[in-house]
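These notes concern the structure reproduced below.
In this text, all values refer to a predicted model and were calculated from it rather than measured experimentally. Letters A, B, ... mirror the listed sequences (proteins, then strands); counts begin at 1.
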Protein chains: 2
Amino acid sequence: MVDKEEYRARIIRTASRIFSHYGFRKTTMDEISRALKKGKSSIYYYFDSKEEIFEAVVLYEANQLRRRLTAAIKEVDSPPDKLRNYIYVRMREFAKLSNYYNAVFDKNLDHYEFIEKIRSRYDREELAILRLLVYVGNNRGVFEVEDSEYTAMAIQTMLKGMEVPLFWRKREIDINDRLEAILRLIFNGIMKKQ
Amino acid sequence: MVDKEEYRARIIRTASRIFSHYGFRKTTMDEISRALKKGKSSIYYYFDSKEEIFEAVVLYEANQLRRRLTAAIKEVDSPPDKLRNYIYVRMREFAKLSNYYNAVFDKNLDHYEFIEKIRSRYDREELAILRLLVYVGNNRGVFEVEDSEYTAMAIQTMLKGMEVPLFWRKREIDINDRLEAILRLIFNGIMKKQ
DNA sequence: AAAGAGATGGAACAAACGGGTCGGATATTC
DNA sequence: GAATATCCGACCCGTTTGTTCCATCTCTTT
């Protein structure tokens, strides 16, 4: 009763590890159960289907992502450092998550409208974070922008733009260069000239 | 005629990329052919079976490994640096190769005696490299050991010991700590005290 | 342009795989 | 020892996948 929820969590963590490596399609229930040292059918006592596990995993990963991003921001104090940290961690984490995306875009993406939900909620949250960062930096006089809201949206657009090659290209070419370039662009366009 | 061999090489490189990510079992012929932008059946004009491709890939990777290891040694001059470089690169490359191993140990390992051949040949080569490294270091007075041969064997044993958690454990715990510890051990047991 | 070798891919197939079900075994709780 | 919670072996059946066959296509060579 009590530890049923705990066991669900354990399944989620284990499945997450395997999903993130092989994607949804290539991960089998047999593998998950073997990793848990349980019979395949036992898993169905905790979850109704493979997809349900996947949903739970995606939700779990989304929360992890949120945790890490907020941690990255709290780690440093100045707004530019916060922003840089945020972008770095975001890149790193999204790269790790790319297997989920590949899994989703493999085929039949119709079944995964729940991801869109998570996604759009995350978008709103991210925008709020960016807006706050820009706003505070502006107040402290280290940034100098007209409108925090629209600047935050512009930054988010760039970040989203960086996801595309991350999720669609095979060869991981120049990701770091690209990251540096975008950071330079953001900061040179945002930092107060003196 | 001429470029048939070239095309085989291209298939090997492409298949290698996919195999190294998903292992033998989870990699499908369809994936390989799609990555090559060819029909699935066309591949069979160049290779007789999936296993034959896999064999070619393993051979190819073994050669790559050799190349990188010798390069790592040539990169620096002093024997301790050479040894450290060698071990670092060995670790890194073996970690990358772990998927091949997982593929092999998945099931039916009986079919893969050709890997044992490659492996034992590689063992002999590695021992020769280590022996030479220790020997030269000894001559230059930076190492101080009784017998190069047996010292080299001891080092090789340690390195092999490090493969075990790499290939069998799920969570990649403390690999770097372990590496550092082993490096310290080797050097403190080997460096000339002054 | 005919012939023929080199190369390609669509379609079909048998075998294996894999998600999910079911009935019962085993453990735990009361 | 009944009741309940948890686990699993065996099975089902639609799908996947390695491989083959054969019709086509491309490009020399004659």
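Between the NZ atom of B:Lys38 and the C1' atom of D:dT26 there is a distance of 13 Å, given to the nearest Å. The nearest whole Å value for the distance from the OH atom in A:Tyr22 to the C1' atom in C:dG18 is 16 Å. Residue A:Arg8 contributes atom CZ, which lies 12 Å from atom P of D:dT6 at whole-angstrom precision. Per the geometry, NZ belonging to A:Lys50 stands 15 Å off P belonging to D:dT15, to the nearest Å. Remark: P of D:dC12 and CG of A:Asp30 are 18 Å apart, rounded to the nearest angstrom. One atom, NZ of B:Lys37, and another, P of C:dG10, lie 15 Å apart when rounded to the nearest Å. Rounded to an integer number of Å, the gap from OH of B:Tyr45 to P of D:dT20 is 16 Å. Protein atom CD of A:Glu6 is 18 Å distant from nucleotide atom P of D:dA5, rounded to whole Å.
With a 6.0 Å cutoff to the six-membered ring centre and a 45° limit on the axis angle, A:Arg17 does not count as a cation-pi contact of A:Phe19. Relative to the ring axis of B:Tyr122, B:Arg66 does not place its NZ or CZ within 45° and under 6.0 Å from the centre.
B:Tyr44 has a side-chain polar atom (N or O) that falls below the 4.0 Å cut-off from OP1 or OP2 of D:dT19. OP1 or OP2 of C:dG9 has at least one side-chain nitrogen or oxygen of B:Ser42 nearer than 4.0 Å. Proximity of B:Arg25 to the phosphate of D:dT17: no side-chain N or O atom is located under 4.0 Å from OP1 or OP2.
Comparing A:Gly39 and A:Lys26, the nucleotide of DNA chain D nearest to each residue sits closer to the 5' end for A:Gly39.
Between A:Asp48 atom CG and A:Tyr44 atom OH the span is 9.5 Å, to the nearest 0.5 Å.
Judged by distance alone, with hydrogens and angles left aside, A:Ser49 brings no side-chain donor or acceptor close enough to the base of C:dG20 to form a pair under 3.5 Å. A donor-acceptor contact under 3.5 Å is formed by the side chain of A:Lys40 with the base of C:dG19.
Listed nucleotides: C:dG18, C:dG9, D:dG18. Nearest to the side chain of B:Ser41: C:dG9.
Residue contacts shown for B:Tyr46 are limited to sugar-phosphate atoms, with no base heavy atom under 4.0 Å away. Within the nucleic acid shown, A:Ser33 has no heavy atom closer than 4.0 Å to any nucleic acid atom.
Donor-acceptor pairing under 3.5 Å is lacking for the side chains of A:Tyr45 and A:Lys38.
A salt bridge does not link B:Glu75 with B:Lys82: none of the charged nitrogens is closer than 4.0 Å to a carboxylate oxygen.
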